[in-house]
Amino acid sequence: MTNQKLKDELADQLCKALLSLRDMEECYAFLEDICTVSELKSLSQRLEVARMLEEKHTYDDIVSRTGASTATISRVKRCLNYGADGYQLVLERMKKNSGSNEG
């Protein structure tokens, strides 16, 4: 279920923009324009933290691999446990896609 505090016309527009992207190049081009380097690195870091938490890595492993603070790791863990299941959805699809791209 979508958090209604997040949902508005501008957020809808952003979601539609993301859904319109066709490939990795388009995605990079859009992200480069819409995000600062720091914002993009933070988003990427959070996704890797989520992946590592799902694989049961320790906080120490995650800090070492990603450079994320324990506060960031805790926030991502809270989202994994009590959030809108967005991380799980994406991580599951990424696993399926990487499996179908092998070979």
Side-chain angles (χ1 to χ4, degrees):
M1 179 184 291
T2 303
N3 182 342
Q4 292 305 306
K5 292 179 183 177
L6 297 176
K7 193 162 176 49
D8 63 18
E9 191 175 321
L10 296 178
D12 285 354
Q13 179 177 268
L14 176 60
C15 288
K16 287 175 186 174
L18 290 167
L19 289 169
S20 76
L21 300 171
R22 294 187 181 128
D23 58 31
M24 191 80 78
E25 270 312 301
E26 288 184 2
C27 192
Y28 267 107
F30 180 67
L31 290 172
E32 184 176 336
D33 286 349
I34 200 166
C35 295
T36 65
V37 170
S38 179
E39 289 167 337
L40 184 54
K41 295 289 184 188
S42 291
L43 292 170
S44 301
Q45 181 187 66
R46 288 183 206 148
L47 182 57
E48 179 62 5
V49 167
R51 188 192 66 75
M52 291 182 77
L53 284 168
E54 283 290 291
E55 292 183 356
K56 310 296 185 212
H57 287 267
T58 65
Y59 272 41
D60 287 341
D61 289 343
I62 297 169
V63 168
S64 175
R65 163 88 169 93
T66 67
S69 69
T70 55
T72 295
I73 298 168
S74 294
R75 182 184 183 285
V76 171
K77 185 173 184 174
R78 190 169 48 254
C79 289
L80 284 169
N81 292 330
Y82 306 108
D85 294 332
Y87 279 122
Q88 281 92 348
L89 178 68
V90 166
L91 292 171
E92 185 177 303
R93 289 189 181 163
M94 288 174 64
K95 279 183 201 171
K96 285 181 185 176
N97 290 339
S98 70
S100 65
N101 291 339
E102 291 175 2

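Here the structure is a predicted model, which means the values were calculated and not measured.
Listed here is the closest heavy atom pair of M52 and D61: CE-O, 3.9 Å. The shortest heavy-atom contact between A17 and S20 is O-OG, 2.7 Å. Contact record, D8 with L10: OD1-N, 3.1 Å, taken as the closest heavy-atom pair. The shortest heavy-atom contact between C35 and L43 is SG-CD1, 4.3 Å.
In this structure, CZ on R46 lies 11.5 Å from OG1 on T66, to the nearest 0.5 angstrom. Taking SG of C27 as the reference point, atom CD of E32 lies at 11.5 Å (rounded to 0.5 Å). With rounding to the nearest 0.5 Å, the separation of OG in S44 from CG in L31 is 8.0 Å. Note that CD of Q45 is 7.0 Å distant from OG of S69, once rounded to the nearest 0.5 Å. Atoms CD1 and CG, on I73 and L80 in that order, are 12.0 Å from each other to the nearest 0.5 Å. Of the inter-residue distances, the one linking C15 atom SG with K7 atom NZ reads 7.0 Å to the nearest 0.5 angstrom.
Hydrophobic clustering of Ile, Leu, Val, Met, Phe, Trp and Tyr side chains at less than 4.5 Å, counting indirect connections, unites L21 with L14. Connection of I62 to M94 is established within a shared hydrophobic cluster, with ILVMFWY side chains joined at heavy-atom distances below 4.5 Å, either directly or through further cluster members.
Heavy-atom contacts from other residues, nucleotides or ligands closer than 6.0 Å to OH of Y28 number 12 or fewer. Remark: E25 CD is loosely packed, at most 12 non-hydrogen atoms of other residues, nucleotides or ligands lying under 6.0 Å away. E26 CD: more than 12 foreign heavy atoms inside a 6.0 Å radius.
Taking a cutoff of 4.0 Å between a charged side-chain nitrogen and a carboxylate oxygen, R51 and E48 qualify as a salt bridge.
A donor-acceptor pair is defined here as one N or O able to donate and one able to accept, closer than 3.5 Å; no such pair exists between the side chain of E54 and the backbone of Q88. Looking only at distances, a side-chain donor or acceptor of N81 sits under 3.5 Å from a matching main-chain atom of K77.
Within the 4.5 Å cutoff, no side-chain heavy atoms of V63 are placed close to those of T58. Between E39 and I34 the shortest side-chain heavy-atom distance does not fall below 4.5 Å. Under the 4.5 Å side-chain criterion, counting only non-hydrogen atoms from C-beta, L53 is in contact with Y59.
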L47/L91 under side chain to side chain contact (heavy atoms under 4.5 Å, CB included): CA gap, chis, key distance, verdict:
CA-CA 8 Å; L47 182 57; L91 292 171; 4.0 Å; yes

